[in-house]
Asks: 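Mind having a look at this structure? Questions to follow.
Numbers restart at 1 for each chain; the letters A, B, ... are given by sequence-line order, proteins then strands.
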2 protein chains.
Amino acid sequence: MATKNAESFSRLHVKEIALESEQAVNGELIKLQYSPPSPTIENHGVSNGVALKVPGWYVDIEDDWPGEAHLYKVEKVLFRGKSKYQDLFVFQSSGHGKVVVLNGDVQLTEKDEFAYQEMLTHLPLCSIPNPKKVLLIGGGDGGILREISRHASVEHIDICEIDTMVIDTVLPEIAVGYQDPRVNLHIGMFLKSAPQGDYDTVILDAFQCMGSEAEQLAGGSLLELVARALQPGGVMASQAQCLWHKEFSVADAIASCRRTFKGSVSYAWSPVPAYIGGMVGFMLCSTEGPAVDFKHPINPLNPKHYGVARGPPKFYNSEVHTAAFCLPSFAYEV
Amino acid sequence: MATKNAESFSRLHVKEIALESEQAVNGELIKLQYSPPSPTIENHGVSNGVALKVPGWYVDIEDDWPGEAHLYKVEKVLFRGKSKYQDLFVFQSSGHGKVVVLNGDVQLTEKDEFAYQEMLTHLPLCSIPNPKKVLLIGGGDGGILREISRHASVEHIDICEIDTMVIDTVLPEIAVGYQDPRVNLHIGMFLKSAPQGDYDTVILDAFQCMGSEAEQLAGGSLLELVARALQPGGVMASQAQCLWHKEFSVADAIASCRRTFKGSVSYAWSPVPAYIGGMVGFMLCSTEGPAVDFKHPINPLNPKHYGVARGPPKFYNSEVHTAAFCLPSFAYEV
């Protein structure tokens with residue numbers, strides 16, 4: 001496992017996205033396969049046995065959402081690469097700025113990434129009185145780090161990524177998070193060896209990106225490891241399925257998390273137009289200890305304290321925090 | 001102008017969607033052009049000079065949203081027709097039930113229509129103490145009528161549609177709204193001759209569907225006519241632009257409505273995955289008179305009173321009502 005401090009890291013990595021595969025190779029794990037930019041963009045997905053190819057457009061089509069596809073017009077291919085664990089594709093789009101596709105799923109677009117990054121970060125950090133030590137799992141692009149940086153009370157930030165490919169392929173506005181001197185980067189399976197009962201917040205931005213592999217790599221029970229790393233009354237935030245997904249049940253998701261987290265468990269959501277379904281879900285969980293009321297933030301964000309971010313939050317405020325926990329009636333059906 | 005009462009109307013119209021163009025012709029205005037179902041579905045839009053055609057898929061692409069397209073897999077074409085004012089296309093999709101496309105824009109899918117219909121209806125009707133007389137402009141599919149029907153206090157419902165094409169091409173779950181005996185249907189330009197100061201609620205579900213034509217037909221100032229039809233302290237709800245639209249400004253929309261409505265003016269939003277951007281906006285306005293606090297519903301919906309609907313609301317509840325007025329920080333930028 002490699003660990004770097006923020007200072008050397010920011011010098012090394014905060015730069016315009018690499019167009020040459022050699023520039024992006026870093027560390028033993030990485031085996032990049034680079035294809036030169038091409039005017040014809042092939043899709044990265046197949047649904048219902050139907051492969052869609054639309055020249056000049058990126059096709060986002062997912063098996064989970066049959067009969068639906070989102071298309072983005074491609075101006076320029078910026079990066080294609082593959083490591084042992086991840087398959088990364090980055091392009092300049094006509095309407096959404098740069099678009100990052102990881103393992104065939106659209107991860108973020110520059111147009112709306114802030115909604116996801118801000119909500120996943122501030123929903124947990126604004127729910128506890130004085131967050132000091134934060135662990136981020138995944139989130140290698142740096143956007144969550146940028147948001148954590150807005151919290152002056154935080155003294156130490158650990159981030160662990162499975163390999164360096166996403167980190168090396170940075171988008172400057174997002175990777176700015178690495179400039180925070182409180183950041184410590186760990187490459188590899190950090191969570192297993194992370195100090196126990198040490199963090200007041202764990203943010204999990206890796207689950208969907210890596211799929212079942214994340215579970216395997218974490219030794220079968222990622223959530224158990226997360227809970228073990230947390231202090232009593234510590235909080236976890238994780239991406240969760242969208243309310244509109246036909247097989248998703250909020251009640252089941254809450255019941256599943258309650259098996260591991262013996263404090264509070266809540267589901268919230270936020271609009272993110274780039275995701276199919278137009279929104280993303282979040283699970284907010286706390287370990288046994290001081291009670292946490294996720295819906296009513298007790299630690300309001302100071303929008304004037306930017307940290308390393310370049311301006312105030314674009315999406316998050318205390319009102320949308322509470323609103324995120326208000327669910328449509330169908331979400332309560334079991 | 002033709003006017004029908006609900007009894008004769010429901011007998012005539014609440015039936016499975018017509019597959020033969022002859023069945024759908026009704027009234028002098030209608031000139032249907034029917035094309036037989038075809039395995040290859042052509043797109044109905046062109047963006048940035050790029051026409052997209054994807055065999056077997058409906059392509060939703062809008063000039064307002066450059067560089068983006070949503071695709072729906074088509075199982076079967078159900079209806080294609082054109083009247084003097086409207087161009088209607090209905091198909092059975094793989095993942096979203098029936099999809100209704102009006103003038104090249106996706107109007108609704110059976111999967112998520114309730115979010116839009118419930119919010120546009122209950123946001124105004126739950127904001128005033130005792131709604132009795134409601135005017136619906138547009139909304140010919142019947143979904144808003146279905147939702148108004150849940151309000152026991154309402155005594156009279158006028159609906160005016162520009163012609164009968166949408167009404168004749170009904171989807172049974174949605175057109176059930178016409179079975180409410182309080183419904184009175186008016187075909188043509190009813191608003192101009194509607195009684196003044198008579199309604200406590202006007203719901204405008206026609207603006208985007210008909211575009212500039214709606215303004216022309218209404219004689220240049222649709223909102224003025226709506227305000228004139230309302231009692232003092234009466235409320236209007238209208239569809240508004242999505243927060244993510246690059247040229248939309250909440251502040252401008254509110255300022256524009258304040259020129260006509262001298263009471264309260266608020267912007268709200270709701271997720272609707274079928275719309276590009278993943279959400280829809282609403283303008284809520286009241287005329288001078290008793291103050292209206294749109295954000296805090298004083299007339300909660302009784303979820304057990306279905307009216308002619310076939311079950312409780314799927315989306316609306318008092319919590320999502322209030323949450324709909326909580327806006328992300330970027331929405332406050334001017």
Asks: What's the spacing between A:Ile61 CD1 and B:Leu71 CG if we round to 0.5 Å?
Replies: 8.0 Å

Asks: Do you know the tightest heavy-atom contact between B:Pro271 and A:Trp269?
Replies: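 Looks like CG-CH2, 3.7 Å.
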
Asks: To check you understand the geometry: which heavy-atom pair defines the closest contact between B:Lys111 and A:Trp244, and what is its length?
Replies: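 Shortest heavy-atom contact: NZ-O, 3.3 Å.
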
Asks: Less than 3.5 Å apart, which donor and acceptor atoms pair up between the side chains of residues 318-331 of chain A and the rest of the protein, not counting sequence neighbours?
Replies:
| from | atom 1 | to | atom 2 | distance (Å) |
| --- | --- | --- | --- | --- |
| A:Glu319 | OE2 | B:Lys295 | NZ | 2.3 |
| A:His321 | ND1 | A:Tyr316 | OH | 2.7 |
| A:His321 | NE2 | A:Phe294 | O | 2.6 |
| A:Thr322 | OG1 | A:Lys295 | O | 2.8 |
| A:Ser329 | OG | B:Tyr316 | O | 3.0 |
| A:Ser329 | OG | B:Asn317 | ND2 | 3.2 |

Asks: Of all residues at least two apart in sequence or in a different chain, which pass the side chain to side chain donor-acceptor pair (under 3.5 Å) check with B:His245?
Replies: B:Asp64

Asks: Between B:Gly278, B:Ala69, B:Gly95, who has the most heavy-atom pairs with chain A when the cutoff is under 4.5 Å?
Replies: B:Ala69

Asks: Name the region of B:Ala274, side chain, backbone, both or neither, that has any atom closer than 4.5 Å to a heavy atom of chain A.
Replies: neither

Asks: Which residues, numbered in order, of residues 296-304 of chain A come under 4.5 angstrom of chain B by heavy-atom distance?
Replies: none

Asks: Check side-chain contact (heavy atoms from CB on, under 4.5 Å) between A:Tyr275 and all other residues, then give those that pass, not counting sequence neighbours.
Replies: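 Partners of A:Tyr275 by the side-chain contact (heavy atoms from CB on, under 4.5 Å) criterion, ordered by chain and then number, come out as A:Tyr116, A:Val272, A:Val280.
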
